[in-house]
Trainee: 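Let me give you the structure first, and then I'll get to my questions.
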Amino acid sequence: MRVDIKNLAVGYGNGDHHLLALDRIDLSLRPGRITALIGESGSGKTTLAKALMGMLPENAHLKGEIYLDEIEINGLDETSINDLRWSKVAMVFQNGAANLNPVYRVSDQVAEPLVQRLGMARVSAGKKARMQMRKIGLTPAQADRFPHELSGGQIQRALLAMSLILDPDVLILDEPPAALDAMTKNFMSGILKNFVGRQKSILLITHDLDLALSLADDAAVLYLGRIMEYLPAEKIFEPRHPYTLALTRSFPGMGAVRDLGGIRGDALYRVVHAHSRENKNVHDHV
């Protein structure tokens with residue numbers, strides 16, 4: 001499945017003010033490739049992911065086009081877009097433990113998409129969920145634990161198992177390796193490479209430039225809601241745009257001795273008053 005994002009703009013309303021989170025984004029996710037979305041906190045990465053999932057909050061205003069193959073998801077009702085989640089597009093959210101219900105066993109939560117989407121009986125769904133979790137590196141005993149009984153790495157594996165349980169065509173990973181050990185990162189990297197090897201697409205949202213370099217095929221650099229540069233992932237540390245250069249110079253390296261690059265702060269145009277003349281221009285985008 002191919003994903004095409006065209007002229008996408010997303011703004012958030014907050015009382016008399018409006019924040020332009022994404023501004024005229026054009027991006028494609030191609031089958032068999034991993035695209036890394038790189039940028040500092042607040043640049044709009046998670047907003048882009050939630051737009052793809054149809055999970056923006058009520059105060060968000062979206063304009064532009066998002067296509068899953070020939071299906072335009074912008075404007076679909078909740079029932080229609082809910083049918084696409086898990087089966088066509090799945091997401092592993094950041095802060096894994098917060099996305100699991102503490103009163104249910106992890107295997108039951110991994111099985112939930114099978115019950116809700118395919119109508120499987122819970123016993124059968126639970127067995128399939130445990131098989132999927134074993135492939136991700138969790139033992140049957142770990143699969144039947146509660147979230148608070150698992151480590152951070154084990155929770156990330158469980159969430160990855162849940163996202164893959166219906167074998168979606170597109171997988172979105174929002175900072176999945178943020179606090180994982182090297183062994184778990186390498187294991188999950190192997191799972192992801194196998195996934196795209198079956199002509200699936202991955203959007204990898206990350207601050208880890210080394211991970212993007214080793215895992216991704218393409219990289220899009222996001223800043224202040226705009227894509228500054230799109231380049232092969234292998235060229236991340238050979239950028240052309242000044243922002244990407246500053247970002248790479250701010251990334252620590254064991255063998256590099258260099259001054260940190262300066263990065264400008266937020267842009268005033270992103271936040272405008274609802275009654276100002278500038279607000280009309282913002283809503284032209286959103």
Side-chain angles (χ1 to χ4, degrees), residues 1-10 21-41 43-55 64-69 71-74 84-85 88-94 156 159-160 163-164 167-178 185 188-241 243-244 247-248 251:
M1 174 173 283
R2 181 184 175 99
V3 178
D4 289 299
I5 302 168
K6 302 178 180 179
N7 201 33
L8 179 67
V10 177
L22 293 176
D23 186 11
R24 293 165 289 181
I25 297 295
D26 291 305
L27 184 65
S28 293
L29 308 180
R30 290 175 283 170
R33 298 184 73 83
I34 299 176
T35 299
L37 187 63
I38 301 167
E40 60 194 271
S41 297
S43 60
K45 302 188 301 299
T46 299
T47 292
L48 179 58
K50 288 184 176 180
L52 285 174
M53 291 289 291
M55 296 180 64
E65 300 172 337
I66 303 175
Y67 287 94
L68 303 180
D69 281 344
I71 303 172
E72 184 177 1
I73 65 174
N74 184 18
L84 298 175
R85 297 187 189 119
K88 298 296 183 181
V89 184
M91 182 172 176
V92 179
F93 293 91
Q94 193 176 8
Q156 284 292 348
L159 290 172
L160 183 59
S163 69
L164 297 177
D167 195 26
D169 296 306
V170 180
L171 181 63
I172 303 170
L173 301 165
D174 192 359
E175 296 286 359
K185 283 186 181 182
M188 293 180 69
S189 295
I191 296 292
L192 300 180
K193 288 181 178 179
N194 177 265
F195 180 80
V196 296
R198 296 187 292 115
Q199 293 303 297
K200 310 284 189 173
S201 304
I202 291 179
L203 178 63
L204 174 66
I205 297 173
T206 184
H207 290 95
D208 190 336
L209 299 185
D210 281 337
L211 181 74
L213 178 65
S214 63
L215 192 59
D217 301 291
D218 311 293
V221 182
L222 194 65
Y223 177 54
L224 296 178
R226 294 178 176 176
I227 292 181
M228 298 287 104
E229 186 170 11
Y230 188 83
L231 70 167
E234 62 186 18
K235 300 291 186 181
I236 286 176
F237 289 97
E238 303 173 29
R240 294 183 178 182
H241 195 278
Y243 172 73
T244 312
L247 196 65
T248 58
F251 188 75

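Sequential numbering from 1 along the given sequence is applied to the chain's residues. Below, all heavy atoms of this structure are taken into account, side chains as well, without hydrogens, waters or symmetry copies.
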Trainee: Heavy atoms, side chains only, cut-off 4.5 Å: are F93 and M55 in contact?
Mentor: yes
Trainee: Are the side chains of V221 and H241 in touch, meaning some heavy atoms are under 4.5 Å apart?
Mentor: no
Trainee: Between D217 and R30, does at least one N-O distance fall below 4.0 Å, as a salt bridge requires?
Mentor: no
Trainee: Distance check, rounded to the nearest 0.5 Å: I25 atom CD1 versus I66 atom CD1?
Mentor: 11.0 Å
Trainee: Taking side chain as C-beta onward, heavy atoms only, is R2 less than 4.5 Å from L29?
Mentor: no
Trainee: More than 12 non-hydrogen atoms from neighbouring residues, nucleotides or ligands closer than 6.0 Å to CZ on R198, yes or no?
Mentor: yes
Trainee: What distance separates L22 CG from L224 CG, expressed to the nearest 0.5 Å?
Mentor: 11.5 Å
Trainee: Keeping R85 on the side-chain end and M53 on the backbone end, is there a donor-acceptor pair under 3.5 Å?
Mentor: yes
Trainee: For K50, does the NZ atom sit with more than 12 other heavy atoms under 6.0 Å from it, leaving out its own atoms?
Mentor: no
Trainee: In the structure I gave you, are the side-chain heavy atoms of S201 and M1 within less than 4.5 Å of one another anywhere?
Mentor: no
Trainee: Find the distance between CZ (F195) and CG (D167) and round it off to the nearest 0.5 Å.
Mentor: 6.5 Å
Trainee: Can a donor-acceptor pair be found, under 3.5 Å and without considering hydrogens, that links the side chain of D69 to the backbone of I71?
Mentor: no
Trainee: Heavy atoms, side chains only, cut-off 4.5 Å: are I236 and T248 in contact?
Mentor: yes
Trainee: Taking the side chain from E175 and the backbone from H207, do they hold a donor-acceptor pair closer than 3.5 Å?
Mentor: yes
Trainee: As an exercise, state the distance from NZ of K200 to CG of N194, rounded to the nearest 0.5 Å.
Mentor: 11.0 Å
Trainee: Report the distance from atom CG of D218 to atom NZ of K235, rounding to the nearest 0.5 Å.
Mentor: 13.5 Å
Trainee: Side-chain contact test, heavy atoms from C-beta onward, threshold under 4.5 Å: evaluate it for D169 versus L68 and give yes or no.
Mentor: no
Trainee: Would you indicate whether the side-chain heavy atoms of L211 and S189 approach each other to under 4.5 Å?
Mentor: yes
Trainee: Between V3 and V89, is the side-chain contact (heavy atoms from CB on, under 4.5 Å) condition met? List the steps.
Mentor: CA-CA 10 Å; V3 178; V89 184; 5.8 Å; no
Trainee: When you look at N74 and E65, which way does the side-chain contact (heavy atoms from CB on, under 4.5 Å) test go after all the steps?
Mentor: CA-CA 6 Å; N74 184 18; E65 300 172 337; 6.0 Å; no
Trainee: Can you spot which of L203, I205, L192 makes a side-chain contact (heavy atoms from CB on, under 4.5 Å) with L173?
Mentor: L192
Trainee: Please enumerate all residues that pass side chain to side chain donor-acceptor pair (under 3.5 Å) together with T35, with sequence neighbours excluded.
Mentor: none
Trainee: Taking only Lys NZ, Arg NE, NH1 and NH2, and the carboxylate oxygens of Asp or Glu, determine whether K6 and D4 approach each other closer than 4.0 Å.
Mentor: no
Trainee: Find the distance between CG (L222) and OH (Y243) and round it off to the nearest 0.5 Å.
Mentor: 8.0 Å
Trainee: Any side-chain heavy atom of I5 sitting closer than 4.5 Å to one from L52?
Mentor: yes
Trainee: So, does E229 use its side chain to make a donor-acceptor pair with the main chain of R240 at under 3.5 Å?
Mentor: yes
